[in-house]
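What you see is a predicted model; the values in this text were computed from it and never measured. Residue numbers start from 1 in every chain, and the chains themselves are labelled A, B, ... in the order their sequence lines are given, proteins ahead of strands.
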Amino acid sequence: MKDEIKIAWRNLWRNKRRTFITAASVFFAVFFAVIMRSYQLGTYDMVINNFIESFSGHLKIQHEKYQDNPLIDYSFEYNDNLAEAISGIESVTSVVPHLESFALVSNGPQSKGAAVIAIDPVMERDFSNPENNLVRYRITPESIVQMKNENVLPAHVIGELEKNTGRAYSSRGRLELELGLPASDNQLYIPPILDNIQVKNGYLEEQDNGVLVSDRLAGFLKVSLGDTVILMGQGYRGVSAAGIFAVRGIIKMPSPDIDNRLIIMTIPTAQEFFGCEGMITSLAVNLTGRSNRTIRTAQEGINSLLSGGSTVARTWYELNPVLYQQIQGDSQSGAAMLGLLYFIIFFGIFGTVLMMIAERKREFGVLVAIGMQKGRLKRILSIEMLFLGIMGLAAGLMASMPLILYFNHYPIVLKGDLAKMMEDYGWDAVMPTAPVGPYFYMQAAVVAIMVIIATIYPLRKIGRLKEIEALRS
Amino acid sequence: MKVLELKDVHKTYNSSEVKVHAVNGVTLDFDEAEFAAIVGPSGSGKTTLLNLIGGLDMPTSGEITIDGTDLSRLKSSQLIDFRMRNIGFVFQSYNLIPVLSAKENVEFIMLLQKWSKEEREKRTFELLKAVGLSDRVNSRPSKMSGGQQQRVAVARALASRPKFVLADEPTANLDSKSAANLLEIMEKLNHEEKVTFIFSTHDARVVKMAHRVITLEDGKVVSDEVRE
C-alpha cells in the first residue's frame, strides 16, 4: 500500500497543471456550494428568528378557532396554573401571555390599521425583550447639519450618514452594521456620531396605560415621545373599543413588515380597551431549540395538557404558513441552483479525469503487461483521485470557513432596490451566513460523492483494458 | 531444455472487408539461454508473434506453451501473474514508469512479487551495475538519454529472473553507439543470467550478433538459422 500511495502521489505531480485544474474544480465546487447554502440558510434563520422573536415564539397556545378567524372573541381566560404546567415541560424556556388584536390608529389626518399586542412588560423581558429594540439613535437632517458644523467627521462619513437620513437604530452595533464603515473609522467616528444622534426613549411600566409605537408606524403617523395616538376598533363580543394613549416609546422592529404596523401596550390596558377583563388571546412559548423534533415534542406535551379545552398549541410554521412556504420554495429553488452548480462542476472534474486516462492509456498497458494486476492499478488511480479530492475539499472548506464566520458576525447590509425588495417581503435587508453546521459538511460530502462517481468510469476502463490495444495507443 | 514452444500458431484479424493472417501456422521452440532474432519486412508478423509469445494477445488457433504451461488456459489475472514471473519485456520506446527513478523502475517487478527489501536492493544494484548505470540509480527517466532508458528497461526486464525476455525492436530509437552498447549488455546478460532473449528487429547489427535468426514473411517462418 505504501508503494501504491507513493506512486499515486508522484503521479499527481507529473502534470501539475492537470492536477491543479482538477483540484481547483473540486475547490470551487465546495467553495461556492458552501457559501451559497450558508447565505440561504443564514437568511432563513434570520427571517424565522425575526418572526419567532417578534412575539410569536416557537409555539403559541390559542383558541382553536383563532388561527382561521383572529378575533378577540376567540380569547381565553388566562390561568397562572396552566402557564406553570407548561413551564414544567422539558425544553420550554419561557411562557408569556399576549393579547393580540387590531385597531385603527390615528394621529390627526394620518390613520392606519395596526396590530395591537399587549404584553406583560416585565415577563416580556425574558421573551422578545422589546426594550432591546427601543430606538436609541436616529439620523436626522438636523443632526447631520450639527455634525457638519462641528467639523469632526470626514466627508465620506458624512456622505454615509446622509445616505441613511431618517433611519433609526436600537444599538450601536446595528448603526455600525448599516453604515458599513471600516473598523478604524468606527473606532474614531462612531462616538461623536452617537453623541449627535442619540434620542430619548421610554419603556412601559407594569401597569402603564401608554403605548409603544413601532418606528415606521410612528414615522407615518408623525408621532414622537409624549404625543398621543387614538385607537379605534372592535372589542370583545362586538363592543366598540376606543381610546387615547400616550406614546411612551418608539420601538424598532427587525422585520420591516411588523415595524410598519405595531402598537404595544400592557395587558391590563388592552383588556380594558377591548373590554375583555382577565382574557388573553395567546400564550407564547419559547423552547431551547428550533429543531422539528424539539418543537413537535413540546407541542404534543402542551396539547396533552390542554386536551378537552378549546385551546391548542400551534407551531410557528403553522401560525405563518406563508412564510414557511416562501422559505420552502426559496430553499427548493436554491437546491436546484446548487444541483446545476454540481452538474457543471461534475463534468469539469469528469473531463479532467477522462483527459488523464486518455493520456496514460499506454502506460496502463505497459504496467499490466509487465505484471501489475488491474486491481492494483485501480487502487493507485483511486488513491490519486482521493488525493485530488482531499486537496480540493480541504482547500474549499478552509477558504469558505473564515468567510462564513465573518459574514455570520458582520452580515452584508443590502442597499437600494434589493433591500427594498427584501423589505417588501417582510424580511430584514441584511444577508448573514449560517454558522458552520451540518450543511457545511453535507456540501463537502456531496462533492466527495461527485469525485467518487467521476472515478468509477476510469476504474471500469482499467477493468476492461486490453494490454495489446493500450500498448498500440 | 525447452522454455517456449509454439505449435501451429495462427493469428487472424478480421477487418470489415478482408481477413489478415498476421501469423500463419508458426511452429517454433526455444531453448534456455538462446539469443534469437526474429526478422522480416514490415508487416511480416514479427510484433504480432512477440505479442502472442508474451501473452499480450491470444492466438486464433494453435498452442503456446511456456515451461509446460499452455497460455490459453490461463485466466486474465493468472496470465498477468504468469507474465510477471516468467517474461521480461523491453519495448521499442522504453516505457519506463516516468514517476519512478531508475532504481525504483528496476525494483518495481520485484516489489510486485513481494521480494524482501534486502533482496530487491541487492538485485537492483547488481543489474544497474551490469547495464552500466550504477551512477544513475536515482535519476528519473526524463533525466536520462534514450540509450540509458533502454538499459534501465533491460535491467527491469531481467529483474525477476524471468524464463525469457521479449524485446520488440529494442534499438530502433537509439543511435548506433547506444545500440551497440545495449546489444553488448544484452548478450553479456544472456550469458551471465542464462536467460533467453527473443527480439524482433530490422537492425543488421542485432541480426549479426544473434545466435539464431528466424525470418518471417507474410506471417510464416521462411527460415530458421542457428549460428555457432
What distance separates B:Ile80 CD1 from A:Glu467 CD, expressed to the nearest 0.5 Å?
5.5 Å
Check for a donor-acceptor pair, side chain of A:Arg10 on one end and backbone N or O of B:Val99 on the other, with a separation under 3.5 Å.
yes
Count the heavy atoms belonging to other residues, nucleotides or ligands that lie under 6.0 Å from CE of B:Met58, then report whether that count exceeds 12.
yes
Which portion of B:Glu104 sits near chain A, non-hydrogen atoms under 4.5 angstrom
side chain
State the CD-CE distance between A:Gln373 and B:Met84, to the nearest 0.5 angstrom.
7.0 Å
May I ask you to decide if B:Asn95's main-chain N or O and A:Glu363's side chain share a donor-acceptor pair within less than 3.5 Å?
no
Bottom line for B:Leu100: the part with an atom under 4.5 Å from chain A's heavy atoms is both
Of all of B:Asn51, B:Asp81, B:Leu111, which one pairs up most often with chain A through heavy atoms under 4.5 Å apart?
B:Leu111
Out of curiosity, B:Phe91 CZ to A:Arg362 CZ, how far, rounded to the nearest 0.5 Å?
8.0 Å
Could you measure the distance from the CE atom of A:Met372 to the CG atom of B:Leu112? Nearest 0.5 Å is fine.
5.0 Å
I want to check something: taking the side chain as every heavy atom from C-beta on, are B:Ser76 and A:Lys374 in contact at a cut-off of under 4.5 Å?
yes
Heavy-atom pairs under 4.5 Å with chain B: which of A:Val368, A:Ile370, A:Val366 has the most?
A:Ile370
Can you see which heavy atom on B:Asp57 is nearest to which on A:Ile468, and at what distance?
OD2-CG1, 4.2 Å
Measure distances from A:Lys6 to the heavy atoms of chain B and classify the residue's part below 4.5 Å as side chain, backbone, both or neither.
side chain
Should the heavy atoms of other residues, nucleotides or ligands under 6.0 Å from CG of B:Asp218 be counted, would the total exceed 12?
no
Above 12 or not: heavy atoms from other molecules or residues under 6.0 Å from CE of A:Met36?
yes
Can you tell me which portion of B:Arg156 sits under 4.5 Å from chain A's heavy atoms? Options are side chain, backbone, both or neither.
side chain
Taking NZ in B:Lys188 as the centre, count heavy atoms belonging to other residues, nucleotides or ligands within less than 6.0 Å. Is the count above 12?
yes
With a sphere of 6.0 Å drawn around OH of A:Tyr439, does it hold more than 12 non-hydrogen atoms of other residues, nucleotides or ligands?
yes
Tell me, yes or no, whether the heavy-atom count around A:Phe343 atom CZ, taken from other residues, nucleotides or ligands under 6.0 Å, exceeds 12.
no
Assess whether atom OH of A:Tyr457 is packed by more than 12 heavy atoms of other residues, nucleotides or ligands within 6.0 Å.
no
Please round to the nearest 0.5 Å and tell me the distance separating atom CG of A:Leu367 and atom CZ of B:Phe108.
5.5 Å
Engaged part of B:Leu79 at the chain A interface, taking heavy atoms whose separation is under 4.5 Å:
neither
Just wondering, more than 12 heavy atoms not from B:Lys220 lying within 6.0 Å of its NZ?
no
